2 protein chains.
Amino acid sequence: MQNTEWELWRSFLATAENGSLSGAARSLSLTQPTVGRHIDKLESSIGTSLFTRSQSGLLPTSTALNLLPYARDMSAAAQALIRMASGEAGSAAGVVRLTASHVVGAELLPPVLAEFRKIHPDIQLEVVLSDRQDDLLRHDADIAVRMTRPSQSALVAKKVGDVGIGLYADSDYLKRCGLPTTTEALLAHSLIGVDQATYPIAALSIGDTPVTPQIFSYRCDNDLGQLAAVRAGIGIGVCQHVIAARDPNLVAVMPDKINFQLGMWLAMHEDLRSTYRIRLLFDFLAEEMGALVGSDERESQRRE
Amino acid sequence: MQNTEWELWRSFLATAENGSLSGAARSLSLTQPTVGRHIDKLESSIGTSLFTRSQSGLLPTSTALNLLPYARDMSAAAQALIRMASGEAGSAAGVVRLTASHVVGAELLPPVLAEFRKIHPDIQLEVVLSDRQDDLLRHDADIAVRMTRPSQSALVAKKVGDVGIGLYADSDYLKRCGLPTTTEALLAHSLIGVDQATYPIAALSIGDTPVTPQIFSYRCDNDLGQLAAVRAGIGIGVCQHVIAARDPNLVAVMPDKINFQLGMWLAMHEDLRSTYRIRLLFDFLAEEMGALVGSDERESQRRE
DNA sequence: TGATGGCTATACAAATATGAATATCTGATC
DNA sequence: GATCAGATATTCATATTTGTATAGCCATCA
């Protein structure tokens, strides 16, 4: 029990995430009997059942659900390990994994990363589009581009600039429904915004009306989904000026009244500063993203 | 390369930490040829040498040194995994691992934990005495007793009270060298204090003299080592009142002039709140340690 | 100088884990 | 209601991994 083999937990995680031995076997390039035997071993080793078997798959027990986060930690560390092992620490080669919001990853990053790839063709990039915050500490990613100030310990953070954000709509939509000029008129429009998420809107209001999910008639927590809705002419939604400027069909709505700034931050784990390829991308992003969003004032910090 | 087996990294870590294949084999209950083959596999898999072999053992290359922290992460997660698997989440059985400073772990905790063991004999305890701070996030320990306010994210923290601290010396020492009553006289004494550590003394001063390692003639970063030095009659050093009160040979030095309070905190990872045995110990410690140090005001908090 | 205890490397037999094939069950679908 | 896709369990031959035994190297110490 002391020396439960690490390999078994890998099968455990895959089984839990795939919902079946067969699925786990496929994802691990093993076979179903093998994974089944691994689970058997684990169960007899810890003395508890981990899954309730059924013909349609395996259902994790509450014990298994409790263990799952730790197995994920293990997996994250294992993946970070092979990523780190993918190149010499001091060479411009290997894999770097970065995470960003969907809209940043889809709209802003690609041209910048294309440039980076040209300069450093031996550095491979993995881009994870996610709005979760807890990636860096677990080494789920090496670098994060975020719109909030990173507050976690052991992170190196650098502000690359402030992103201007305003309301936009497709020109066709505005032809159909008119361009509002007052907050009352605006609230009567078809608005696009967040669903469950609370963070970006907690302190906002339009005129006297606080911004809650209820005022939106099209709700989507994925910022890229919102942008797509705006582009499809569904209604009025927020968009970064720098993105809207490239799209001739997007028209600013009440730009003089509604306009705010969000800081854009780069963050990486402190440990990674000595890994050249990661440092290289970090510095490159700081430079290029800063130029892109047109930062006036810059600020850098390092939290303890 | 994608599917580097987890098991291999376990051998890698053991090899690095033991400094030899043979040692690693012993610690893993394997044999030296097996561990050697594991390292071979890893090296050919990532295409780099990890250790320079020699007749006296294996020396990690710089690549290996870079990978080591991640292997430790993996190991910590694996250990947390088997610890969590050691008992049902909802039952008062299994293993709980807690960390505390040396002096707290040696002087204050044992009687309290003895009581806990009487009440919950099926909960096994692992106590790690360490002054490092980074244990909880990696799940190196489940619960920490600390003398600083935990500031890391995802931690549940609770203040159990304020510990009074003052200067003490062994009565024999004072017979030999006299009991100082002024700060000048005090500074002429043989003082016991920290060596490298900076945190506890950064803002302190004795009279007009700032407290730096140089004023101590006996320096030790281990607080228990300092206490032992005080008890051995080496000189004057700090001690918690509650500990000194039990020792008839310890005499307070200038208690009216030098006396300060340090908050004592309990901390645990947020994820563990739903694990009964851990919650049980956390609450028990909050209660008993609070009574022990005699807290006047209590405060609890949860950081985001 | 010679013996000893630590280490790595290698060869071969034994133990172990794996995959292929198959039986069997379940739920969805036509 | 029959059929099909996808799931787990079981068996057995095969492939892989492991341990044992051994040889060789180097430092330390009497």
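Letters A, B, ... mirror the listed sequences (proteins, then strands); counts begin at 1. Only a predicted model underlies this, so the values are computations on that prediction, with no experimental measurement involved.
A salt bridge links R53(B) with D40(B): at least one charged nitrogen is closer than 4.0 Å to a carboxylate oxygen.
Between L30(A) atom CG and dT17(D) atom P there is a gap of 12 Å when expressed in whole angstrom units. Computed from coordinates, the F51(B) CZ to dA9(C) C1' distance equals 17 Å when rounded to whole Å. Atom pair L59(B):CG and dC26(D):P shows a separation of 17 Å (rounding to whole Å applied). Atom CG of L28(B) and atom C1' of dT18(D) are 14 Å apart (whole Å).
One finds no side-chain N or O of H38(B) lying less than 4.0 angstrom from the OP1 or OP2 phosphate oxygen of dT17(D). Remark: T34(B) is not in phosphate contact with dT18(D), judged by side-chain N or O atoms under 4.0 Å from OP1 or OP2.
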Short N/O separations, protein against nucleotides 6-14 of chain D, under 3.5 angstrom:
| residue | atom | partner | partner atom | Å |
| --- | --- | --- | --- | --- |
| dA7(D) | O4' | Q55(A) | O | 3.2 |
| dT8(D) | OP1 | L21(A) | N | 2.6 |
| dT8(D) | OP2 | S22(A) | N | 3.0 |
| dT8(D) | OP2 | S22(A) | OG | 2.5 |
| dA9(D) | N7 | Q32(A) | NE2 | 2.8 |
| dA9(D) | N6 | Q32(A) | OE1 | 3.1 |

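Looking only at atom types and distance, the side chain of S217(B) has a donor-acceptor partner in the side chain of S190(B) under 3.5 Å away. Between T48(B) and T63(B), the side chains place no donor N or O within less than 3.5 Å of an acceptor N or O (distance only, hydrogens not considered).
Sorted by first and then second residue, the pairs that involve residues 70-80 of chain A and meet salt bridge (Lys or Arg N to Asp or Glu O under 4.0 Å), not counting sequence neighbours, are E17(A)-R72(A), D73(A)-R138(A).
Remark: side-chain polar atoms of E270(A) are not paired, donor with acceptor, to backbone N or O of L155(A) under 3.5 angstrom.
Nearest heavy atoms, Y70(A) versus A77(B): O-CB, 3.8 Å.
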